[in-house]
Structures are given as C-alpha cells and as structure tokens.
Amino acid sequence: MNIQLEKMKQNQERERRKRIAEEKHKEWVQKKREEERRERKRKLSKEMAEKATRELEKMQLQEKADIKYKEWLKKKRAEEAEKKKKEKEEEKEREAELQEKRTRSEKIFKEWLQNARNKPQPALNGYGFPHRKSTGLY
C-alpha cells in the first residue's frame with residue numbers, strides 16, 4: 001500500500017510538474033508572441049517614420065530644384081534679352097555706319113561730278129583715232 005501510495009504521489013507530482021511546465025510553456029509562447037507583435041509594431045512605425053522623412057526630404061529637394069530652375073530660367077531670359085538688345089544696338093550701329101558711308105559716297109560722287117564737268121575734255125587724236133575716226137589699227 002505504501003508503495004502504491006508512493007507511486008500515486010510520484011504520478012501526481014509528475015502530472016503537477018507536467019501541468020506547470022505546460023503552463024510555463026504557454027506563458028512563454030504568449031510572451032514571445034506579444035514580444036513579436038510589439039517588435040512588428042515598432043518596425044512598422046519606424047518604417048512609416050522613415051518613409052515620411054524620405055517623402056519630406058524628397059519634397060524639399062523638389063522645391064529646391066524648382067527654385068533653382070526658376071532662377072536659371074530668369075537668368076537665361078535676362079541673358080537673351082540682353083543679347084537681343086546688344087544685337088539691336090549693333091544693327092543700329094551698322095545702319096548708321098552704312099548711312100554715313102552712303103552719305104560720304106554721294107558727297108564724293110557729287111564732288112567728282114562737279115569736278116568732271118569743269119574739267120576740259122581730252123583731245124581724241126590719240127593712236128588709232130585720227131580726226132575722231134577709227135583707222136582699223138590698234
């Protein structure tokens with residue numbers, strides 16, 4: 001009887017230890033799952049924060065690029081306007097020079113014409129034209 005009682009006590013002790021071990025295992029699994037869930041949540045929030053930061057940086061970079069592009073465009077347009085202005089001034093200078101040249105040429109031509117009228121005509125008794133007629137000789 002004592003042996004049976006001892007065996008029963010041992011069996012009960014084994015069963016109790018087994019139950020305790022199973023409960024501890026369940027608690028451990030539950031803690032592990034909870035920890036994993038918290039870790040996933042933390043990773044997700046971290047990823048979301050990083051994504052938001054990247055988006056913000058991207059927007060700031062885009063804004064900077066837009067500002068630089070607008071500055072470049074403004075500068076380019078100013079350069080083009082300056083270039084056109086310079087070309088117009090050069091064209092005006094060329095026109096003025098051309099007009100001055102024409103005026104000078106006309107003046108010189110009129111002077112030459114006036115002088116040519118007043119110059120005496122050379123006699124055409126040169127070689128091959130005696131008495132203003134061709135002799136057929138060179």
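Since this is a predicted model, take the numbers as computed values, not measurements. FYI, side chains are in, hydrogens and waters are out, and symmetry mates aren't considered; it's all heavy atoms of this structure.
Checked for salt-bridge contact, E13 and R16 meet the test: a charged N lies under 4.0 Å from a carboxylate O. Using a cutoff of 4.0 Å between basic side-chain nitrogens and carboxylate oxygens, E27 and K31 are not scored as salt-bridged. With salt bridges taken as basic N to acidic carboxylate O contacts below 4.0 Å, one links E91 and R94.
The shortest distance between side-chain heavy atoms of K76 and W72 falls below 4.5 Å. A 4.5 Å side-chain heavy-atom check between N11 and R14 finds at least one atom pair inside the cut-off. For the pair Q60 and K64, the minimum side-chain heavy-atom distance is 4.5 Å or more.
Here the rule is side chain to side chain contact (heavy atoms under 4.5 Å, CB included) with E79, and of K83, K75, E82 only K75 fits it.
For the atom pair OG1 of T103 and CD1 of I108, the computed distance is 11.0 Å after rounding to the nearest 0.5 Å. In this structure, CD on E97 lies 12.5 Å from CZ on R102, to the nearest 0.5 angstrom. Put simply, CD on E87 and CD on E90 are 7.0 Å apart, with the number rounded to the nearest 0.5 Å. Once rounded to the nearest 0.5 Å, the distance linking CG of L73 with CD of E80 reads 8.5 Å. Put simply, CZ on R54 and CD on E47 are 8.5 Å apart, with the number rounded to the nearest 0.5 Å. Note: R117 CZ to W112 CH2 = 10.0 Å, rounded to the nearest 0.5 Å.
Annotation: side-chain hydrogen bond (donor to acceptor under 3.5 Å, both in side chains) contacts of Q62 (sequence neighbours excluded): D66. Considering only residues two or more places apart in sequence or on other chains, N2 meets the side-chain hydrogen bond (donor to acceptor under 3.5 Å, both in side chains) condition with none of them.
Counted within 6.0 Å of CD on Q4, heavy atoms from surrounding residues, nucleotides or ligands total 12 or fewer; the atom is thus considered open. For L5, the CG atom sits in a packed shell: over 12 heavy atoms of surrounding residues, nucleotides or ligands are nearer than 6.0 Å.
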Return all side-chain donor-acceptor pairs below 3.5 angstrom for residues 33-43, not counting sequence neighbours, or 'none' if the list is empty.
| unit_1 | atom_1 | unit_2 | atom_2 | d |
| --- | --- | --- | --- | --- |
| E34 | OE1 | R37 | NH2 | 3.3 |
| E34 | OE2 | R37 | NH2 | 2.2 |
| E39 | OE1 | R42 | NH2 | 3.4 |
| E39 | OE2 | R42 | NH2 | 2.3 |

